[in-house]
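Chain naming here is simple, since letters A, B, ... match the order of the sequence lines and numbering starts at 1 in each. Side chains are part of it too, since the values below use all heavy atoms of this structure and drop only hydrogens, waters and symmetry mates.
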Protein chains: 2
Amino acid sequence: MNKNQALLWDHPRFRSWIAVARACQLMQTVLTRELADLDIKPPHLDILINLYRFEGISQQELARKLLVGRSNMSMTLPQMEKRGLIERRGDTKDKRVLRLFLTEEGRAVAEEAMAIQTGLIERTLSSTPIEQCHAMAESMEKIILALHAEMVDETEPA
Amino acid sequence: MNKNQALLWDHPRFRSWIAVARACQLMQTVLTRELADLDIKPPHLDILINLYRFEGISQQELARKLLVGRSNMSMTLPQMEKRGLIERRGDTKDKRVLRLFLTEEGRAVAEEAMAIQTGLIERTLSSTPIEQCHAMAESMEKIILALHAEMVDETEPA
DNA sequence: CCAACAATGTTCAATATTGAACAATAAAGT
DNA sequence: ACTTTATTGTTCAATATTGAACATTGTTGG
């Protein structure tokens with residue numbers, strides 16, 4: 001059954017993607033360590049970045065942006081609220097939705113954490129020329145579109 | 001405090017990496033769905049692939065390759081053994097290590113799962129030319145090296 | 001207006017992942 | 001030989017993540 005094995009490792013796109021996945025996983029690991037000083041983890045940073053950028057976003061929208069379930073937000077956000085990083089205010093028009101905001105401290109932590117992440121990325125991508133970075137990003141955008149197409153395929157195969 | 005925000009989103013490498021991370025996360029999500037038919041998840045596939053390629057590997061080595069803790073393997077592998085996908089045999093020379101092998105069924109499941117993953121990757125990367133894939137992989141390898149350097153930096157700052 | 005449906009957030013049980021402490025075995029230093 | 005140190009795997013408690021079931025609120029169609 002070496003036929004299959006040969007088929008697998010010969011696929012250049014497969015090998016390429018494995019490298020991408022590996023780099024992502026490593027980046028996550030290292031980022032986790034560097035964020036430990038601020039006592040937050042990558043998921044928290046993702047939330048902080050989104051609240052920094054999209055003030056007053058709802059839990060639902062945030063979950064969609066982060067590609068996680070609503071229940072995840074229901075578990076995580078109250079913790080961050082208790083830690084004084086964020087604030088949740090009920091929408092006046094729609095009593096179902098909770099709108100999310102950074103506190104003063106949350107904004108400060110967000111800025112420190114973003115500086116750490118940016119620094120890490122700058123350091124580790126420094127050997128990759130800017131044009132290559134742009135080409136990569138362009139490819140990734142196409143891949144993201146293709147994956148979204150896959151997702152609706154799965155949901156509605158009719 | 002928009003200065004920091006501008007600094008952040010102006011960094012082209014930062015934006016590029018965000019796209020990479022997002023694509024990876026989406027790929028993981030879609031792969032999880034497609035593997036559901038075989039009743040396995042991406043972590044199991046990673047294990048199967050490595051046992052397929054490196055027969056008789058130890059738990060320690062496997063954990064290192066997968067970038068997870070040893071305890072993770074101690075929790076996951078017995079499950080897969082009970083499901084009849086893998087087998088663990090004690091090393092005769094060194095009584096501490098357990099060597100890992102695929103069973104017949106494990107090999108079959110591995111091949112099906114790899115076919116699914118390869119298909120997904122082929123489909124979603126089809127719009128990216130082979131040369132660009134190779135260039136990407138090359139960049140990722142450099143990034144992986146840089147990240148390994150970061151990790152030892154953290155561990156031994158002396 | 002009212003009934004059916006949709007959207008938002010919460011809860012809960014199941015599963016995953018991690019790091020620290022531990023037991024058994026091996027290797028090294030004396 | 002023997003004490004110390006390192007390596008391998010396990011256990012356990014803490015934390016994260018998910019999907020399904022649910023309650024509340026909003027929207028739509030009669």
Side-chain angles (χ1 to χ4, degrees), chain A residues 24-26 28-36 39-48 51 56-83 86-101 151 154-156, chain B residues 24-26 28-36 39-47 56-83 86-101 151 154-156:
Chain A
C24 273
Q25 202 185 348
L26 254 175
Q28 188 88 342
T29 301
V30 175
L31 181 62
T32 300
R33 288 197 186 178
E34 302 209 353
L35 287 179
D39 198 34
I40 64 175
K41 300 193 171 182
H44 303 133
L45 175 54
D46 287 338
I47 291 171
L48 292 176
L51 294 201
I57 195 177
S58 74
Q59 293 194 182
Q60 173 83 287
E61 293 171 289
L62 182 57
R64 197 174 42 73
K65 278 179 186 296
L66 299 182
L67 303 172
V68 299
R70 288 182 308 233
S71 54
N72 190 318
M73 295 296 96
S74 277
M75 309 284 271
T76 307
L77 294 175
Q79 294 175 1
M80 296 181 70
E81 193 171 30
K82 271 165 196 143
R83 277 186 53 185
I86 69 172
E87 198 180 342
R88 301 196 292 172
R89 308 179 201 148
D91 189 308
T92 49
K93 311 278 184 183
D94 189 337
K95 294 179 188 172
R96 291 172 303 180
V97 344
L98 290 177
R99 306 223 156 265
L100 307 171
F101 302 87
M151 294 198 58
E154 298 278 313
T155 314
E156 312 166 4
Chain B
C24 272
Q25 202 185 347
L26 253 175
Q28 188 90 340
T29 301
V30 175
L31 181 62
T32 300
R33 289 196 186 180
E34 303 209 353
L35 287 179
D39 199 34
I40 64 176
K41 300 193 172 181
H44 303 132
L45 176 54
D46 287 338
I47 291 171
I57 194 178
S58 74
Q59 292 194 184
Q60 173 83 288
E61 293 170 289
L62 183 56
R64 196 175 42 72
K65 278 179 186 294
L66 299 182
L67 302 173
V68 299
R70 286 184 310 237
S71 53
N72 191 318
M73 295 297 95
S74 278
M75 308 283 271
T76 306
L77 294 176
Q79 295 175 1
M80 295 180 70
E81 194 172 28
K82 273 166 195 142
R83 277 186 52 186
I86 69 172
E87 197 181 342
R88 301 196 293 173
R89 308 181 200 146
D91 188 307
T92 51
K93 311 280 185 183
D94 189 336
K95 293 180 188 170
R96 292 172 302 180
V97 343
L98 290 177
R99 306 222 156 267
L100 307 171
F101 302 87
M151 293 197 59
E154 298 276 315
T155 313
E156 312 166 3

Engineer: How far does CD1 of B/I86 sit from CG of B/L77, to the nearest 0.5 angstrom?
Structural biologist: 4.5 Å
Engineer: Evaluate side chain to side chain contact (heavy atoms under 4.5 Å, CB included) for B/L100 paired with B/M73, printing each intermediate quantity in order.
Structural biologist: CA-CA 11 Å; B/L100 307 171; B/M73 295 297 95; 6.0 Å; no
Engineer: Mind running a 4.0 Å heavy-atom check of residues 92-101 of chain B against DNA chain D and sending the residues that fall below it, in number order?
Structural biologist: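 Those residues whose heavy atoms fall under 4.0 Å from DNA chain D, taken from residues 92-101 of chain B in numerical order, are B/R96, B/V97, B/L98.
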Engineer: Nearest whole angstrom, please: distance from the C1' of D/dT15 to the NZ of A/K82.
Structural biologist: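 Rounded to whole Å, this separation is 15 Å.
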Engineer: Could you tell me how far apart B/R89 (CZ) and D/dT8 (P) are, to the nearest whole angstrom?
Structural biologist: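 Distance, rounded to whole Å: 20 Å.
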Engineer: Does any part of the side chain of B/T76, heavy atoms only, come nearer than 4.5 Å to the side chain of B/V68, both counted from C-beta?
Structural biologist: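 With C-beta onward as the side chain, the pair stays apart.
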Engineer: Round to the nearest Å and state the distance from A/Q79 atom CD to C/dT11 atom P.
Structural biologist: 13 Å
Engineer: CE of A/M73 versus C1' of D/dA16: gap in Å, rounded?
Structural biologist: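 Atom-to-atom, A/M73 to D/dA16, this comes out as 11 Å.
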Engineer: Could you tell me how far apart A/K41 (NZ) and C/dT18 (P) are, to the nearest whole angstrom?
Structural biologist: 10 Å
Engineer: The criterion is side-chain contact (heavy atoms from CB on, under 4.5 Å); which residues satisfy it with A/K95, sequence neighbours excluded?
Structural biologist: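 Partners of A/K95 by the side-chain contact (heavy atoms from CB on, under 4.5 Å) criterion come out as none, since no residue qualifies.
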Engineer: If I take atom CG from residue A/N72 and atom CD from residue A/Q59, how far apart are they, to the nearest 0.5 angstrom?
Structural biologist: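 The distance works out to 10.5 Å.
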Engineer: Mind jotting down which residue pairs meet the salt bridge (Lys or Arg N to Asp or Glu O under 4.0 Å) criterion with at least one end in residues 58-81 of chain A? Sequence neighbours excluded, please.
Structural biologist: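 Found A/E61-A/R99, A/E81-A/R88.
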Engineer: Could you list by number each residue of residues 56-67 of chain B showing a heavy-atom separation from DNA chain D of less than 4.0 Å, or answer none if no residue does?
Structural biologist: B/S58, B/Q59, B/Q60
Engineer: Taking all atoms of both residues into account, what is the closest heavy-atom pair of B/I57 and B/L62, and its distance?
Structural biologist: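 Shortest heavy-atom separation between B/I57 and B/L62 comes out as CD1-N, 3.7 Å.
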Engineer: Among all residues two or more places apart in sequence or in another chain, which pass the side-chain contact (heavy atoms from CB on, under 4.5 Å) test with B/R83?
Structural biologist: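 Scan of B/R83 (side-chain contact (heavy atoms from CB on, under 4.5 Å), adjacent residues dropped) gives B/D39, B/I40, B/L85.
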Engineer: From B/I47 CD1 over to B/Q79 CD, what is the distance, rounded to the nearest 0.5 angstrom?
Structural biologist: 9.0 Å
Engineer: Using a strict threshold of under 4.0 Å (side-chain N to carboxylate O), is an ion pair present between A/D94 and A/R96?
Structural biologist: yes
Engineer: Within the sub-3.5 Å range, which N or O atoms of nucleotides 19-23 of chain C have a protein N or O partner, and how far apart are they?
Structural biologist:
{"unit_1": "C/dG19", "atom_1": "N7", "unit_2": "B/S71", "atom_2": "OG", "d": "3.2"}
{"unit_1": "C/dG19", "atom_1": "O6", "unit_2": "B/S71", "atom_2": "OG", "d": "3.3"}

Engineer: Looking at every non-hydrogen atom in both residues, tell me the closest pair between B/L35 and B/P42 and how far apart they are.
Structural biologist: CD1-N, 3.9 Å
Engineer: Starting from P on D/dT8, measure out to CG on B/L77 and report it in whole angstrom.
Structural biologist: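 Rounding to the nearest Å, CG of B/L77 and P of D/dT8 are 15 Å apart.
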